[in-house]
Amino acid sequence: MSNSYYDPKDLKKFEDIGDFGPELAKKFFDYYSAVFEEGALSAREKALIALAVSHTVQCPYCIDAYTSESLEKGASEEQMMEAVHVASAIRGGSSLVHGVQMMNKTKDVSM
Amino acid sequence: MIKSLKTREHKLSDPNYQLQLLNSHSKSLREQPKFRDKLGEAGLFPLEPTGIEIFQMNLGYMCNMTCKHCHVDAGPDRSEMMDRETFEHCIEALRHSQATTVDLTGGAPEMNPHFKWFVEEASRLGKNIIVRSNLTILTTAPKYRALVNFFADHQVEVTCSLPFYNRSRTDRQRGEGTYDKSIEALQKLNHVGYGKEETGLELNLVYNPAGAFLPGGQASMEQTFKEQLHRQHGIVFNNLYTITNLPISRFLDFLLQSGNLDEYMDRLISSFNPAAARGVMCRNTISVGWDGQLYDCDFNQMLEMPVEESAPGHISEWHEGRLNNRTIRINQHCFGCTAGAGSSCGGATT
Ligand code: SF4
Ligand code: SF4
């Protein structure tokens, strides 16, 4: 057993989750690959969105996987960093916007 | 400028050492399936030619650049160069050959002193001529600058390397200043009509990943390159070919130094695609070395694996029938040609 919670090698075992429940795993992986196919959004745009979301959910597996995927799909370093800033702006903004709730409550309870 | 592995007397300039590494450098590499077994599963072993369509000639290993990923280990410090006699044997072979295309590569093929003379001779034979240009050479000395018009006059197809549509990634792979020079050369080629629909002057770009990852889908990469190069520089071109870096020579050096070899091989091997294996370029190509030796492909040339012994080994002994009956020599590097959508000098193979 590994001594750390995250082992890069585990990423390759993702599909093994089917060992404990093949039906749902199959449904999930079929859906997953359909999501990333070229569509109204290009595969490169989808890889960049996935890269941003990976940073939001702070999943090290996803960050590795979608860094490689973005490079392979032809994204530049600038585009990848901009995607991460989008994630960061939304995360920061979503905290900050709750400041309005804080202000509302403050006003409600204040004399 | 960095020196070639050969000049540095680097261990990796020994092809046997390279093959040994690919087969058994680590536990993970030793446990990987062999290319011949994967071909066997796909019903393709032994691998056989389908007929020679492309006559590829390596005019020499000299180059004005020393790119980090170069599978030829080319550079200004390499002196191997095809001589006039070998060219004459090639013309003789081409006269009788079914091959429709003559593909000129190097190093920088333009640096061979017989280059222009040969292009003129070969175009008289009515063959389609491709020159694999690194672009930057076309911005150096006046005799090389003049080649842009020479290519157009002889209807030569220009296939050139541009690893990325931005400066930083291009220069990291091919050296400082490469991107700006490449853009200048592409604009000159456009100026004489290359890459424009109505002229018939074909300009193709070759994209290869600047690192230990595979190329993305060829059609979408082509679209991205077209949009970006046109928006930034007004450049047009015909096709983009995506090429996978084969794990040999200087790219192998990079993989070792960056600790990526096991994972890269794993990626290539797990992406083995039988359809790509059916379309590998050695089946319709013959590669002529600077010294006239015959090889199944330019990669086998760099690994000093000539065509199998039963086939004629030298251009002076050209016999197309016997070459078509040969078996192609393979090893673990071949996984670079069969991963994903496949890879060849003409891009994806599926
Ligand atoms: S990759 Fe091409 S341009 Fe670069 S050093 Fe090798 S032969 Fe020369
Ligand atoms: S490396 Fe050469 S011999 Fe091997 S599959 Fe590719 S083209 Fe064929």
Discussion item. Counting only non-hydrogen atoms closer than 4.5 Å, does S270(B) touch chain A with its backbone (N, CA, C, O), its side chain (CB onward), both, or neither?
Written reply: neither

Worksheet entry | L24(A) CG: over 12 foreign heavy atoms closer than 6.0 Å | no

Response to the item:
If you tally heavy-atom pairs under 4.5 Å between each of Q223(B), M221(B), Q228(B) and chain A, the highest tally belongs to M221(B)

Worksheet, complete the sentence: Between G74(A) and Y165(B) the two heavy atoms that sit nearest each other are O-OH, 2.8 Å

Practice prompt. Would you indicate whether E78(A), at its atom CD, is surrounded by more than 12 heavy atoms from other residues, nucleotides or ligands within a distance under 6.0 Å?
Written response: yes

Worksheet item: Between S76(A) and chain B, which part of the residue has a heavy atom less than 4.5 Å away: side chain, backbone, both or neither?
Response: both

Worksheet item: How close do A75(A) and R169(B) get, heavy atom to heavy atom, and via which atoms?
Response: O-NH2, 2.6 Å

Worksheet entry | Under 4.5 Å from any heavy atom of chain A - which part of P215(B) | backbone

Worksheet item: Highest number of heavy-atom pairs under 4.5 Å with chain B: which of E77(A), K73(A), E69(A)?
Response: E77(A)

Discussion item. Around atom CZ of R36(B), are there more than 12 heavy atoms from other residues, nucleotides or ligands closer than 6.0 Å?
Written reply: no

Worksheet entry | E263(B), CD: over 12 other non-hydrogen atoms inside 6.0 angstrom | no

Worksheet, complete the sentence: Pair count under 4.5 Å, heavy atoms only, with chain B: among R44(A), E72(A), K12(A), highest is E72(A)

Discussion item. If you count heavy atoms of other groups shown closer than 6.0 angstrom to CG of L256(B), is the number above 12?
Written reply: yes

